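So the structure is just underneath, and the comments pick up after that.
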Amino acid sequence: MLDSKRVRSDFPVLDTTVRDATLVYLDNAATTQKPRSVLDSILGFYSNSNSNIHRGVHYLSEQASAKYERARFTVKSFINASSTNEIVFTSGTTGSINLVANSFGHGFISEGDEIIISEMEHHSNLIPWQVLCQRHKAVLKVLPFGAGGTLDIDAVSSLITERTKLLTICHVSNALGVVNPVRDVISTAHAADVPVLIDAAQSAPHLPIDVQDLDCDFLVFSGHKMYAGTGI
């Protein structure tokens, strides 16, 4: 049985009293509170190892670089990536999507090309593609969802054309909680040679992620939604 008092004791902020009651925090889908082990690790780094990463050969720089690279191995294992070279650290999901839009997008999207998103995307996975399509005179197509809150997966094939250059979809909806069948979507898109970006901001904290099994081209998520510090 889960010992809730023991779990709460890991989070210093939950000792806070609000209106004569102990704080109860239920906004974890937006951002998680940080357990003592994370706070201690962050404080320990800034107290003992703080230095530029990969920018020096002195002791502290080597220590900081080693910790940074160990974190890359941790993420590789967490999502079962095939290589640490596949792991790119950014400020979070929003930063990662914008990085793809401003690199892959600007390199491969031309006038008349198409990008497919779903109707249930967070603004972070909508606005970058709107802006990209406006700049390149491309077409943004939207995969709809029905009354039950589930995507019309059968419509994926009909939306894809020879001008489709990217399909991007959330694994789990932040608003509806729907778990999308992303493996099927990826398979359908790849059959037409269309790359796929998966927004795993809401799924990575709760579901096993195996990028090799999914066979996605990009997968993005945020550390701050899974107990890490903000900006990772």
Side-chain angles (χ1 to χ4, degrees), residues 2-3 6-14 25 27-104 122 124-125 128 168 170-172 174 182-183 186 195-232:
L2 179 67
D3 186 344
R6 182 176 178 278
V7 172
R8 286 183 63 89
S9 70
D10 284 336
F11 296 83
V13 72
L14 297 184
Y25 183 81
D27 202 19
N28 291 287
T31 194
T32 53
Q33 299 300 329
K34 315 310 170 192
R36 199 176 308 275
S37 58
V38 171
L39 298 174
D40 289 346
S41 182
I42 292 173
L43 178 60
F45 176 82
Y46 284 117
S47 299
N48 304 306
S49 306
N50 184 47
S51 184
N52 281 355
I53 307 297
H54 298 313
R55 292 295 184 271
V57 294
H58 57 83
Y59 176 79
L60 286 182
S61 180
E62 289 182 345
Q63 291 294 307
S65 298
K67 291 177 183 291
Y68 189 90
E69 290 307 319
R70 283 202 296 272
R72 198 186 303 276
F73 275 96
T74 299
V75 177
K76 169 186 175 293
S77 176
F78 182 70
I79 62 174
N80 194 34
S82 61
S83 168
T84 54
N85 292 332
E86 298 178 1
I87 309 303
V88 179
F89 289 126
T90 71
S91 60
T93 303
T94 301
S96 297
I97 294 172
N98 277 277
L99 177 60
V100 176
N102 287 293
S103 55
F104 175 88
H122 187 278
S124 294
N125 201 27
T168 176
C170 60
H171 192 175
V172 174
N174 70 297
V182 292
R183 184 185 288 103
I186 293 167
V196 179
L197 181 150
I198 299 298
D199 176 356
Q202 298 298 338
S203 60
H206 302 289
L207 303 176
I209 300 292
D210 185 334
V211 294
Q212 294 189 67
D213 179 58
L214 289 174
D215 194 30
C216 53
D217 300 276
F218 306 98
L219 183 132
V220 298
F221 60 98
S222 298
H224 76 92
K225 294 181 184 290
M226 45 198 303
Y227 311 117
T230 300
I232 302 174

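Predicted model only: the values in this text are computed from it and were never measured. The residues of the chain are indexed from 1 along the displayed sequence. We use all heavy atoms of the structure for the numbers below, so side chains are in, but hydrogens, waters and symmetry mates are not.
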Step by step, would you call Asp213 with Asn80 a side-chain contact (heavy atoms from CB on, under 4.5 Å)?
CA-CA 9 Å; Asp213 179 58; Asn80 194 34; over 6 Å; no

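- Considering CG of Leu99 and OG1 of Thr94, their distance stands at 12.5 Å, rounded to 0.5 Å.
- The distance from atom CD of Gln63 to atom CG of Asn48, rounded to the nearest 0.5 Å, is 9.5 Å.
- Across all non-hydrogen atoms, the minimal contact from Ala29 to Gln202 is O-NE2, 3.1 Å.
- Summarising the local packing, OH of Tyr25 is surrounded by more than 12 heavy atoms from other residues, nucleotides or ligands at distances under 6.0 Å.
- When each of Asp199, Asn174, Thr168 is tested with Asn125 by the rule side chain to side chain donor-acceptor pair (under 3.5 Å), just one qualifies, namely Thr168.
- Within the 4.5 Å cutoff, the side chain of Leu207 has heavy atoms near those of the His171 side chain.
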From CA spacing to verdict: side-chain contact (heavy atoms from CB on, under 4.5 Å), Ile186, Ile198:
CA-CA 9 Å; Ile186 293 167; Ile198 299 298; 4.0 Å; yes

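- Rounding to the nearest 0.5 Å places NZ of Lys67 at 12.5 Å from OG of Ser51.
- Across Ala64 and Ser49, no two heavy atoms sit closer than the pair CB-O, 3.4 Å.
- Contact check for Phe11 versus Thr32: no side-chain heavy atoms found under the 4.5 Å cut-off.
- The aromatic rings of Phe218 and Phe104 sit perpendicular, their planes meeting at an angle over 60°, well past the 30° parallel limit.
- Between Lys34 and His224, the closest side-chain pair of non-hydrogen atoms falls below 4.5 Å.
- How far CD of Glu62 is from CD1 of Ile53: 12.0 Å, rounded to the nearest 0.5 Å.
- To the nearest 0.5 angstrom, Leu39 atom CG is 13.5 Å from Tyr227 atom OH.
- Distance alone, capped at 3.5 Å, is enough to place a donor-acceptor pair between the Thr74 side chain and the Arg70 backbone.
- The two residues Leu60 and Asn50 make their nearest non-hydrogen contact at CD1-O, 3.9 Å.
- Minimum heavy-atom separation, Ser203 to Ile209: OG-CD1, 3.8 Å.
- Judged purely by atom type and a 3.5 angstrom limit, Lys225 has no side-chain atom pairing as donor or acceptor with the backbone of Asn28.
- Between Asn52 and Ser65 the shortest heavy-atom distance is O-OG, 4.3 Å.
- Under a 3.5 Å cut-off, the side chain of Arg36 and the backbone N or O of Ser9 do form a donor-acceptor pair.
- The shortest side-chain heavy-atom distance between Ile87 and Ile79 falls under the 4.5 Å cut-off.
- Note that the SG atom of Cys216 and the CZ atom of Arg183 stand 10.5 Å from one another [nearest 0.5 Å].
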CA sep, side-chain torsions, deciding dist, call: Val38, Ile42, side-chain contact (heavy atoms from CB on, under 4.5 Å)
CA-CA 6 Å; Val38 171; Ile42 292 173; 3.9 Å; yes

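- Contact detail for Ala204 and Phe78: the closest heavy-atom pair is O-CZ, 3.4 Å.
- For the pair Ile97/Thr93, a side-chain contact is recorded, criterion being any heavy-atom separation below 4.5 Å from C-beta on.
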